[in-house]
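Every number for a ligand or one of its atoms is a count from 1 in the order of the listing.
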Amino acid sequence: MKVAVLMGSASDQARMSQATELLGTFGVEATEHVLSAHRTPEAVATFARAARDDGYGVLICGAGMAAALPGVVAAFTTLPVIGVPLSGSALAGIDALYAIVQMPRGVPVATVAVDGAANAALLAVEILAVTDGDLAAKLATYREAWTAP
Ligand code: RP5
């Protein structure tokens, strides 16, 4: 299954591409999309509604400031959505963190750290690895190398 890496602006790309690159090292196909909850809401809905049928297993959404993108995407799909709050605003990402992490009951978004795109990728791999033994083995190897003293 593929992973989609969505972001609210092209200005988010440098930080969100960390997720795309990390997914690639695990052999997970990842596609990047600039889609905005406030500038292109119809396109966001269209993408999210079709994502399961299009072969996606997890959707990673990075956004800064009011950061509605992850929640809006989650409203249109029951695929797991991982939100990445992005810094760069006058409030240094606290605004995006609060917006993304405080989803009301019923429509969850799993939230990682501010600028935590790499962990979003690892969490996506962990989700896909629940039903993919090869991927689980790669994760075990990665974790072993990462935590080696
Ligand atoms: C959000 O507003 C984007 O995710 C970005 O982090 C922030 C600023 O967007 P631009 O002004 O670069 O378009 O929608």
Undergrad: How long is the span from the NZ atom in K2 to the CG atom in L59, to the nearest 0.5 Å?
TA: 10.5 Å
Undergrad: Suppose we screen for side-chain hydrogen bond (donor to acceptor under 3.5 Å, both in side chains). Which residues come up paired with T25, at least two apart in sequence or across chains?
TA: none
Undergrad: With sequence neighbours excluded, what pairs up with E21 under the salt bridge (Lys or Arg N to Asp or Glu O under 4.0 Å) test?
TA: none
Undergrad: With A124, which residues qualify under side-chain contact (heavy atoms from CB on, under 4.5 Å), at least two apart?
TA: V3, L23, V58, I60, I82
Undergrad: Distance from T111 atom OG1 to Y98 atom OH, nearest 0.5 Å?
TA: 13.0 Å
Undergrad: To the nearest 0.5 Å, tell me how far L6 CG sits from T31 OG1.
TA: 7.5 Å
Undergrad: Give a table of atom pairs where an N or O of ligand 1 lies under 3.5 Å from a protein N or O.
TA:
unit_1: ligand 1; atom_1: 4 (O); unit_2: D12; atom_2: OD2; d: 2.6
unit_1: ligand 1; atom_1: 4 (O); unit_2: G64; atom_2: N; d: 3.1
unit_1: ligand 1; atom_1: 6 (O); unit_2: D12; atom_2: OD1; d: 2.6
unit_1: ligand 1; atom_1: 6 (O); unit_2: D12; atom_2: OD2; d: 3.4
unit_1: ligand 1; atom_1: 6 (O); unit_2: G64; atom_2: N; d: 3.1
unit_1: ligand 1; atom_1: 12 (O); unit_2: S9; atom_2: OG; d: 2.9
unit_1: ligand 1; atom_1: 12 (O); unit_2: S11; atom_2: OG; d: 2.6
unit_1: ligand 1; atom_1: 13 (O); unit_2: S9; atom_2: OG; d: 3.1
unit_1: ligand 1; atom_1: 13 (O); unit_2: R39; atom_2: NH1; d: 3.1
unit_1: ligand 1; atom_1: 13 (O); unit_2: R39; atom_2: NH2; d: 3.1

